[in-house]
Amino acid sequence: MHAAETRGRGRSPSGAAIEAPGRTPLSSDLDRLLGQVRQAYLDALPIAAVMITLAEDGACVECANDHFRTIAEWDERMGDRRVSHIPVLRGGPIGTRLATFIRSDDPAYQFETADGRSIAGRHFTVRFARLKRLPGHPPRLLLSMIDRTAQVETEKSLRSEMLRDSLTGLPNRFAFNEKVDAVLADPTFREGSYAVLAVDMTRFSRVNECMGALAGDELLITFARRLVSALRPSDMLARTSGDEFGILLRLDRGLPDALRAAERIKAVLTLPFRLSELEIRVDCAIGCAILNLGVSNADEVLRNAQFALKRAKRLGSTQVYEPIQAAAVRRRFSIETELRCAIEAEELKLAYQPLIDLDSGKVAGFEALARWQLDGQPVAPAEFIPVAEESGLIVQLGRWALESATRTLGDWDRRAGRVLPFHISVNLSPIQISRDDIAGAVSGALAAAGISGDRLTLELTESAIIHDPDRVAKALSALKKFRVRIAMDDFGTGFTSLAMLQKLPIDLLKIDQSFVAGMLSGGDSSAIVRAILSLARALGMETTAEGIDSADLRELLTELGCTYGQGYHFSEPLCADEALAYGLEREP
Ligand code: C2E
Ligand code: MG
Ligand code: MG
């Protein structure tokens, strides 16, 4: 029994046993007084506090205040004061830490705790602090508990507000991302065991516009309810933005599960929606992304699903995200950004490929071809020219190519001290014709370079002519005033009508390399090339065969009467200095 064990030792005013050998009656009066002071201090505190003495035979409560007594559902004045007999201090999160603290030398220790069992689900900041030891007294510590329940509850409800969409009551994008992140971070996560669906209500903005925001809200709520009815309880539905919903699905059998869920969603939307007096039909587009180890976070997963969703809207059926397509789009996007900077910084170069007069074998001119390196790697014109066309950058790029090609020819003349017998060919994009003042650009470039118009050939693809024949006809006749030659590039791949060919001021047909390459293997290519050559002759046009890469092809085309040849057999595209040297060696 505790009382028996402590018999013969000093007693504190509140009855706790104190290890104090050799006390005098005087010191016990002082102890009593000190005890009263301590009790008064604790009683004055607004928080739960208890003073514990650390005697050799165990820790005991010396005094406690009412706040502590209420929390602990215990009263030290009722009898046993040993800490090991007070539920809240004996075990649980507080008791375990208290035992560790007593064994340590730490001056203080503080922690947060919520223990449903011994402290009725309340939240506390608990602090243990050793008190200065008085001579002849056992060590003491003060345990205090600040009740943070109200604060924690407020934070909790604020957080749940923050994570909820106020209109539909569904989790919002934050909550959705949190959940997806938790799935990705779970050590038991298996690749392909979850999918995210992005669901977009089609025609929502029209309803909103025609019937007002209130009807729009009502529609969103009903739509959300329908979606819920198509899902399993374990799936998570969230409103991720205006009329877009995100669904996190656990997949038992992989992708087919996700596609079935998409079908169920489509099925619950087949019945019309009733809005006030009206019945309207609403459909949705669904994009799906499977969670795999390649994705780093929820944002990325949702973006992937939205990427698939975009395609789904275009194609009219549920689409699954495929990383290769997204990578291609990203590359296109970064090419656009980098190309814009490269054009502004004049980082592009022109390469010049010799055009050979097939009869004489001499150099007749050069085609200027744009060259660009991104991070030290060459990017093919076939990749960046379409990006330049889509983004409109081709206008700047085209002007730059025109100006620098003509300037190079002017420089060559100056270096040779005479007008060289070469012409220069520059490619012209259809977009330039529709967006730029080509005649102005050409006359400016010719004047700046100091060369005459008849030394410039502009190569135009067939697609340009088909797009807007009237505009092209106008632009070309304006160019003709400068005596510029016009070549039709990649001829045979488009659909130019003979009438158009006759009507436009075209001087030269460039036979596409796909036909030239196929000539030696027999088949249709040879017949097509022969037909183009006789067509050109009939129309009084010259011809260039592109892609001549062997002596056999050169011979064959020379025999057939093709005017010029271009290809690796003669030379690859060269830098300006190399091209000049090549030309001077093979002057007419
Ligand atoms: P293109 O005008 O038909 O240019 C001929 C293409 O054939 C060039 O490709 C050239 O390098 C390539 N080539 C030449 N000889 C051979 C050969 O023997 N075999 C093979 N396989 N290919 C050969 P490149 O330089 O990649 O240019 C591709 C296309 O990009 C050009 O086709 C042209 O349409 C466009 N392009 C290039 N530079 C410009 C430019 O400054 N402006 C515009 N609008 N388009 C350009
Ligand atoms: Mg060309
Ligand atoms: Mg070509």
Side-chain angles (χ1 to χ4, degrees), residues 335 339 342-343 346-356 365-373 378-408 423-436 438 441-442 445 456-464 467 485-494 496 506-520 529 532 543-554 557 562 564-576 579 582:
I335 282 188
L339 185 62
I343 293 173
E346 301 207 9
E347 280 169 10
L348 270 73
K349 299 233 168 355
L350 282 180
Y352 299 88
Q353 190 171 32
L355 302 161
I356 308 297
F366 297 87
E367 177 176 1
L369 294 158
R371 293 289 178 262
W372 176 42
Q373 293 212 333
V379 186
E383 191 172 9
F384 70 80
I385 295 288
V387 176
E389 288 179 330
E390 252 176 46
S391 58
L393 284 169
I394 194 72
V395 171
Q396 265 169 282
L397 191 154
R399 278 196 173 234
W400 163 83
L402 186 64
E403 283 159 16
S404 36
T406 47
R407 195 184 328 120
T408 301
H423 70 259
I424 197 96
S425 290
V426 178
N427 291 285
L428 200 62
S429 156
I431 312 290
Q432 285 173 268
I433 299 206
S434 54
R435 297 216 193 140
D436 200 8
I438 296 295
V442 166
L456 175 65
T457 304
L458 291 175
E459 297 192 3
L460 197 66
T461 51
E462 282 185 86
S463 62
H467 264 108
R485 298 199 322 151
I486 309 291
M488 188 174 284
D489 207 350
D490 307 337
F491 187 72
T493 54
T496 323
I506 290 163
D507 306 285
L508 190 142
L509 294 184
K510 290 191 81 173
I511 307 165
D512 191 71
Q513 47 179 286
S514 57
F515 303 116
V516 177
M519 283 180 82
L520 292 176
V529 172
I532 296 175
T543 42
T544 301
E546 297 181 338
I548 298 183
D549 56 8
S550 69
D552 288 348
L553 268 178
R554 173 198 186 161
L557 284 151
C562 183
Y564 306 106
Q566 173 181 7
Y568 298 160
H569 169 65
F570 305 107
S571 169
E572 292 195 3
L574 305 167
C575 74
Y582 186 96

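Side chains included, hydrogens not; waters and symmetry mates left out as well; all remaining heavy atoms used. Because the structure is a prediction, the values reported are computed rather than measured. Order of listing sets the numbers, starting from 1, for every ligand and every atom in it.
- Under the side-chain contact (heavy atoms from CB on, under 4.5 Å) test applied with Leu428, the options Asp436, Asp489, Ile438 reduce to a single match, Ile438.
- Of the protein's non-hydrogen atoms, the one nearest atom 22 (N) of ligand 1 is Gln513 OE1, 3.1 Å.
- Put simply, atom 3 (O) of ligand 1 has protein non-hydrogen atoms near it, under 4.0 Å away.
- Applying the 4.0 Å criterion to heavy atoms of Ser429 picks out, from ligand 1, the atoms 44 (N).
- Near Arg371, with a cut-off below 4.0 Å to any heavy atom, the atoms of ligand 1 are 11 (O), 25 (O).
- Contacts between Asp490 and ligand 1 below 4.0 angstrom, taking non-hydrogen atoms only, involve the side chain exclusively.
- Using a non-hydrogen distance threshold of 4.0 Å, Lys510 does not register as a contact of ligand 1.
- Scored by the side chain to side chain contact (heavy atoms under 4.5 Å, CB included) test, Val379 finds Arg331, Ile335, Trp372, Leu374, Glu383, Phe384 as partners (sequence neighbours excluded).
- In terms of protein heavy-atom proximity, atom 16 (C) of ligand 1 is nearest to Tyr568 CE2, 3.3 Å.
- Judged by distance alone, the side chain of Glu546 and the main-chain N or O of Gln566 form no donor-acceptor pair under 3.5 Å.
- Between the OG1 atom of Thr543 and the CG atom of Leu508 there is a distance of 7.0 Å, given to the nearest 0.5 Å.
- Ser425 lies apart from the Mg ion (ligand 2) in this respect, since none of its N, O or S atoms is found at a distance under 2.8 Å.
- The closest side-chain heavy-atom distance from Phe570 to Tyr582 is below 4.5 Å.
- Residues Ile385 and Asn427 form no side-chain contact, since every pair of their non-hydrogen atoms from C-beta on lies 4.5 Å or further apart.
- Per-residue contacts place Glu459 under 4.0 angstrom from the following atoms of ligand 1 (heavy atoms of the residue considered): 2 (O).
- If you check each of Leu350, Leu348, Leu369 against atom 8 (C) of ligand 1, the one with the closest non-hydrogen atom is Leu369.
- Taking each heavy atom of Ile506 and Met488 in turn, the nearest pair found is CD1-CE, 3.2 Å.
- Residue-to-ligand polar distances place Glu367 within reach of ligand 1: an N/O pair is separated by less than 3.5 Å.
- When only interatomic distances are considered, the shortest N/O to N/O separation between Asn427 and ligand 1 falls below 3.5 Å.
- Contact detail for Arg371 and Ala351: the closest heavy-atom pair is CG-CB, 3.8 Å.
- No donor-acceptor pair under 3.5 Å is formed between the side chain of Asp490 and the backbone N or O of Asp512.
- Sorting the N, O or S atoms of Asp489 by how far they are from the Mg ion (ligand 3) puts OD1 first.
- In terms of protein heavy-atom proximity, atom 1 (P) of ligand 1 is nearest to Asp489 OD2, 3.7 Å.
- At least one side-chain heavy atom of Ser425 sits less than 4.5 Å from a side-chain heavy atom of Leu355.
- Within the 4.5 Å cutoff, side-chain heavy atoms of Trp400 are placed close to those of Leu350.
- When each of Lys510, Gln353, His423 is tested with Glu367 by the rule side-chain hydrogen bond (donor to acceptor under 3.5 Å, both in side chains), just one qualifies, namely Lys510.
- Distance check on atom 32 (O) of ligand 1: every protein heavy atom falls at or beyond the 4.0 Å cut-off.
- In summary, Glu459 places no N/O/S atom under 2.8 Å from the Mg ion (ligand 3), failing the contact criterion.
- Within Glu367, the N, O or S atom lying nearest to the Mg ion (ligand 2) carries the name OE2.
- Among the atoms of Glu546, an N, O or S atom falls under 2.8 Å from the Mg ion (ligand 3).
- Take the N/O/S atoms of Asp490: the one nearest the Mg ion (ligand 3) is OD1.
- Scanning the protein heavy atoms around atom 24 (P) of ligand 1, the nearest turns out to be Pro381 CG, 3.8 Å.
- Counting heavy atoms closer than 4.0 Å to ligand 1, residue Ala351 contributes nothing at all.
- Within the 4.0 Å heavy-atom shell around ligand 1 one finds Gly547.
- Not a single heavy atom of Gly398 sits closer than 4.0 Å to an atom of ligand 1.
- Among all protein heavy atoms, the one lying closest to atom 39 (C) of ligand 1 is Ile385 CD1, 3.8 Å.
- With hydrogens and angles ignored, the 3.5 Å screen pairs no side-chain donor or acceptor of Tyr352 with any backbone N or O of Ile424.
- By the 3.5 Å distance cut-off applied to N or O atoms, Ala370 is counted among the residues near ligand 1.
- Across every non-hydrogen atom of Ile343 and Leu397, the tightest pair is CD1-CB, 4.0 Å.
- If you number the atoms of ligand 1 from 1 as listed, the ones under 4.0 Å from a heavy atom of Ala401 come out as 41 (O).
- To the nearest 0.5 Å, atoms OH (Tyr568) and CG (Asp549) are separated by 9.0 Å.
- If you take CG on Leu509 and CD1 on Ile511, they are separated by 7.5 Å, rounding to the nearest 0.5 Å.
- Numbered from 1 in the order shown, with element, the atoms of ligand 1 that lie under 4.0 Å from a heavy atom of Pro573 read 11 (O).
- The shortest N or O to N or O distance between Gln353 and ligand 1 is under 3.5 Å.
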